[in-house]
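Structure, as structure tokens:
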Amino acid sequence: MVAEPMIDLAVRGTPDDVWAPWRHRRRELSLVGWRHLVVVAPHPDDEILGAGGLITLARSTDVPVTVVTVTDGEASHPGSPTCSPTELADLRVQESRRAAAELGFGPPIRLRIGDGAVAAQQAAVTDALAEILTACGRTGAWCATTWRRDGHPDHEAVGRAAAAACAGTATRLLEFPVWMWHWATPEHPLVLVTRVRTLTLPEVVINAKSRAIAHFRSQTSALSDDPADQPILPPHLLDRFTGATETFFV
């Protein structure tokens with residue numbers, strides 16, 4: 001049994017120039033056969049960080065996009081002297097809506113599960129996602145969500161819930177990493193290359209995704225000078241999400 005990783009944001013993590021050649025050597029993700037894309041994000045911004053390019057390509061070919069945010073992200077800055085959890089949730093919901101408008105899809109469906117408490121509510125999330133996937137149609141529906149081994153408990157619980165919701169249906173499951181880029185290396189035993197596919201993004205898609213990411217100012221900029229208000233996504237972390245590819249486990 002491979003031990004689960006631990007995320008330590010006090011260290012810079014694996015540099016993106018270690019990952020870039022690895023991503024370019026992976027097989028290309030085929031987009032043949034999709035008729036509806038459902039993206040399930042543990043927190044507002046995960047949908048754009050991990051799948052903003054996929055979303056943009058879907059909208060450019062008139063494939064409908066439904067985004068589900070499981071939590072409102074109120075726990076991103078514990079101990080903040082600037083924003084209460086309620087204020088943070090309001091900020092992040094608005095940022096997610098602006099990013100959605102930037103890429104041309106409707107406001108995300110909010111499940112309003114507590115940030116950090118998804119594992120305890122995993123069955124409820126599974127039921128909600130199954131209902132959404134059924135409404136989107138079983139033929140040609142794709143569901144993209146966070147990888148079940150991503151290293152963050154909410155990300156992993158959402159990945160498990162989405163996999164359970166897709167099981168027994170014709171919905172195709174794609175899992176995208178968010179925190180894997182930080183704690184892992186290409187040689188890590190959890191990173192099974194046989195399951196990895198790369199999606200190459202045209203420049204116009206890269207630019208659109210970057211504009212969408214820019215709406216998440218609560219995560220990319222400091223809320224104040226207080227140490228508890230420092231950005232969750234400083235530039236060296238953002239570099240992992242603004243390049244010419246996206247990565248999916250299939």
Side-chain angles (χ1 to χ4, degrees), residues 2-9 11 13-14 16 19 37-55 67-78 88-89 92-93 95-96 99 108-126 128-129 132-133 142-167 173-185 188-192 195-197 199 213 216 218-220 231-234 237-238 240-241 246-250:
V2 179
E4 290 289 344
M6 295 293 290
I7 299 171
D8 184 0
L9 294 181
V11 299
T14 305
D16 191 59
W19 284 110
L37 175 64
V38 179
V39 180
V40 185
H43 315 97
D45 75 359
D46 290 321
E47 72 276 18
I48 306 299
L49 295 174
L54 184 69
I55 290 170
V67 169
V68 181
T69 50
V70 176
T71 79
D72 288 341
E74 68 272 12
S76 67
H77 290 77
L88 274 169
R92 300 195 68 181
V93 167
E95 290 169 347
S96 188
I109 298 170
R110 295 164 59 199
L111 299 189
R112 307 187 189 207
I113 301 295
D115 190 357
V118 180
Q121 298 293 320
Q122 185 176 314
V125 174
T126 298
L129 295 180
I132 291 167
L133 290 171
W142 289 19
C143 179
T145 191
T146 42
W147 183 39
R148 281 169 281 181
R149 307 302 291 272
D150 201 37
H152 186 295
D154 281 351
H155 289 211
E156 296 186 357
V158 169
R160 292 192 299 268
C166 290
L173 179 66
L174 304 176
E175 298 175 73
F176 54 82
V178 174
W179 290 112
M180 179 194 82
W181 306 118
H182 184 76
W183 58 260
T185 63
H188 195 284
L190 285 178
V191 183
L192 301 178
R195 291 189 56 211
V196 176
R197 299 292 183 272
L199 179 66
I213 289 174
F216 294 99
S218 71
Q219 305 301 294
T220 60
I232 304 301
L233 296 170
L237 291 185
L238 279 180
R240 299 163 181 167
F241 305 105
E246 287 180 345
T247 298
F248 299 91
F249 290 88
V250 300

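Nothing here was measured: the structure is a model prediction, and the numbers come from that model.
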What's the verdict on side chain to side chain contact (heavy atoms under 4.5 Å, CB included) for F241 and I48, showing C-alpha distance, side-chain angles and the deciding distance?
CA-CA 9 Å; F241 305 105; I48 306 299; over 6 Å; no

Do [X] and [Y] touch side chain to side chain, with heavy atoms closer than 4.5 Å?
{"X": "W147", "Y": "E156", "value": "no"}
{"X": "V118", "Y": "P153", "value": "no"}
{"X": "D150", "Y": "W181", "value": "no"}
{"X": "F216", "Y": "I232", "value": "no"}
{"X": "M180", "Y": "W19", "value": "yes"}
{"X": "E246", "Y": "L54", "value": "yes"}
{"X": "V68", "Y": "P108", "value": "no"}
{"X": "I55", "Y": "V67", "value": "yes"}

Going by salt bridge (charged side-chain N to carboxylate O under 4.0 Å, His left out), name the residues that satisfy it together with [X], two or more places apart in sequence or in a different chain.
{"X": "D154", "answer": "none"}
{"X": "D115", "answer": "none"}
{"X": "R112", "answer": "none"}
{"X": "R195", "answer": "E175"}

Could you pull out all residues at least two apart from A119 that satisfy side chain to side chain contact (heavy atoms under 4.5 Å, CB included)?
A157, R160

Could you list the residues that satisfy side chain to side chain contact (heavy atoms under 4.5 Å, CB included) with A163, not counting sequence neighbours?
R148, L173

Quick one: [atom1] on [X] to [atom2] on [Y], what's the gap to the nearest 0.5 Å?
{"X": "C143", "Y": "L129", "atom1": "SG", "atom2": "CG", "answer": "6.5 Å"}
{"X": "T146", "Y": "L49", "atom1": "OG1", "atom2": "CG", "answer": "11.5 Å"}
{"X": "F249", "Y": "L192", "atom1": "CZ", "atom2": "CG", "answer": "7.0 Å"}
{"X": "H155", "Y": "R149", "atom1": "NE2", "atom2": "CZ", "answer": "15.5 Å"}

Please determine whether side chain to side chain contact (heavy atoms under 4.5 Å, CB included) holds for the pair D46 and V158, giving the CA-CA distance in whole Å, both sets of side-chain angles, and the decisive distance to 0.1 Å.
CA-CA 11 Å; D46 290 321; V158 169; over 6 Å; no

With sequence neighbours excluded, residues passing side chain to side chain donor-acceptor pair (under 3.5 Å) with [X]:
{"X": "R110", "value": "D72"}
{"X": "T71", "value": "none"}
{"X": "S76", "value": "Q219"}
{"X": "S96", "value": "E47"}

Determine the minimum heavy-atom distance between P44 and T69, stating which atoms define it.
CA-CG2, 4.2 Å

Which atoms form the tightest heavy-atom contact between A89 and E74, and what is the distance?
CB-CB, 3.9 Å

Contacts of type ring pair (Phe, Tyr, Trp, His ring centres under 6.0 Å), residue H77, not counting sequence neighbours:
none

For F248, which residues count as a ring pair (Phe, Tyr, Trp, His ring centres under 6.0 Å) partner, sequence neighbours excluded?
none

Would you find a donor on one side and an acceptor on the other, under 3.5 Å apart, between the side chain of T126 and the backbone of A165?
no

T145 (side chain) donor-acceptor with V40 (main chain) under 3.5 angstrom:
yes

Given the side-chain rings of H152 and H43, with only the six-membered ring counted for Trp, is the space between their centroids under 6.0 Å?
yes

